[in-house]
Amino acid sequence: MEIILLEDINNLGYKDDIVKVKDGYGRNYLIPTKKAVIASPSAKKMLAENLKQRAHKLEKIKVEAQELAQKLEGVSLTIGAKTSSTGKIFGSVNNIQIAEALEKAGYNVDRKVIVIKEAVKEVGQYKAVLKLHKEVSVEIPFEVVSE
């Protein structure tokens, strides 16, 4: 089944992408929750027209994302966490703590664009990826230290 995404969905695609999904996933989840519509010929024509009209706005958003990515290029964060004597963290470090650390450093980044590939449960060096735009992402190294 071909559908047009109405919002960004992790591991599937970005808003206004035309993707193929299994019939049940599209019919039972994506379409009822208004995250997608069926990619009929008329819907594809409307999408093409909307993309043409929004191309200028999208270019501006992409340029802003690239500027922010350049500012974030040299940033590295240090995040304090309560730990046991062996270096294990009580709980884990997630994108909320990274967003707060970035805000303290003077960068306003939404926590939803921060992706951490592995679970952070020990003291050490890690990397987070900020997906600022579908074509712009930046990798931020961060260190977890004991408080």
Side-chain angles (χ1 to χ4, degrees), residues 1-22 24-37 39 43 46-147:
M1 163 184 263
E2 266 193 337
I3 58 168
I4 299 171
L5 297 177
L6 299 177
E7 62 183 62
D8 297 350
I9 298 175
N10 283 344
N11 300 325
L12 185 58
Y14 294 97
K15 182 178 178 181
D16 297 330
D17 284 353
I18 298 175
V19 295
K20 287 190 182 224
V21 295
K22 294 194 175 188
Y25 183 50
R27 215 179 4 250
N28 297 329
Y29 175 67
L30 295 174
I31 294 170
T33 57
K34 306 232 186 304
K35 294 179 187 267
V37 293
M46 283 179 47
L47 174 66
E49 184 63 31
N50 288 342
L51 287 177
K52 196 168 90 173
Q53 291 176 0
R54 287 191 316 205
H56 184 67
K57 281 189 213 173
L58 294 174
E59 187 62 33
K60 183 180 175 191
I61 292 169
K62 182 180 174 184
V63 167
E64 288 174 359
Q66 287 172 334
E67 289 173 1
L68 182 59
Q70 287 175 350
K71 289 178 188 174
L72 290 169
E73 201 64 42
V75 174
S76 72
L77 303 172
T78 304
I79 297 173
K82 293 185 179 180
T83 59
S84 66
S85 60
T86 60
K88 292 247 188 218
I89 296 173
F90 297 123
S92 67
V93 174
N94 57 23
N95 56 358
I96 297 171
Q97 283 95 339
I98 293 173
E100 288 171 355
L102 281 169
E103 199 167 312
K104 285 180 187 173
Y107 302 102
N108 190 12
V109 177
D110 186 21
R111 68 180 175 86
K112 294 174 186 167
V113 301
I114 301 171
V115 178
I116 306 171
K117 297 217 187 308
E118 71 267 10
V120 180
K121 295 191 176 275
E122 293 183 5
V123 173
Q125 298 277 344
Y126 297 94
K127 291 187 179 178
V129 177
L130 276 65
K131 294 184 178 180
L132 302 171
H133 185 267
K134 74 177 174 182
E135 298 172 10
V136 180
S137 63
V138 64
E139 202 169 78
I140 301 280
F142 67 95
E143 181 179 9
V144 179
V145 296
S146 180
E147 282 184 336

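Heavy atoms only: backbone and side chains are in, while hydrogens, waters and symmetry mates are out. This chain uses plain numbering: 1 for the first residue, then up along the sequence.
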Determine whether Leu30 and Leu12 make a side-chain contact, defined as any pair of heavy atoms from C-beta on separated by less than 4.5 Å. yes
Mind checking what makes side chain to side chain donor-acceptor pair (under 3.5 Å) contact with Thr33, not counting sequence neighbours? none
Side-chain atoms of residues 87-96: list all donor-acceptor pairs with protein atoms under 3.5 Å, sequence neighbours left out, distances to 0.1 Å.
unit_1, atom_1, unit_2, atom_2, d
Lys88, NZ, Glu122, OE2, 3.2
Asn94, OD1, Ile96, N, 3.2
Asn95, ND2, Arg111, O, 3.1

What residues form a side chain to side chain contact (heavy atoms under 4.5 Å, CB included) with Glu64, not counting sequence neighbours? Lys60
For Ala43, give me all partners under side chain to side chain contact (heavy atoms under 4.5 Å, CB included), at least two apart in sequence or on another chain. Ile4, Ser40
Just jot down the side chain to side chain contact (heavy atoms under 4.5 Å, CB included) partners of Gln125, sequence neighbours excluded, or say none. Glu143
Going by the ring-ring contact (aromatic ring centres under 6.0 Å, His included) test, which pairs reach into residues 128-147, not counting sequence neighbours? Tyr126-Phe142
I'd like to check the side chain to side chain donor-acceptor pair (under 3.5 Å) partners of Glu49; sequence neighbours left out, ordered by chain and number. Gln53
Contacts of type salt bridge (Lys or Arg N to Asp or Glu O under 4.0 Å), residue Glu100, not counting sequence neighbours: none
Can you pull the side chain to side chain donor-acceptor pair (under 3.5 Å) pairs that have at least one residue in residues 7-18, sequence neighbours excluded? Glu7-Lys35, Asp16-Arg54, Asp17-Lys134
Expected list for residues 68-83: side-chain donor-acceptor pairs under 3.5 angstrom, two or more places apart:
unit_1, atom_1, unit_2, atom_2, d
Thr83, OG1, Ser146, OG, 2.6

Who passes ring pair (Phe, Tyr, Trp, His ring centres under 6.0 Å) against Tyr107, sequence neighbours left out? none
Using a 4.5 Å cut-off on heavy atoms from C-beta on, say whether the side chain of Val144 contacts that of Val120. yes
Report the residues that fulfil side chain to side chain donor-acceptor pair (under 3.5 Å) with Glu135, sequence neighbours left out, ordered by chain and then residue number. Lys62
Test log, rule side chain to side chain contact (heavy atoms under 4.5 Å, CB included), inputs Val109 and Leu130: CA-CA 9 Å; Val109 177; Leu130 276 65; 3.7 Å; yes
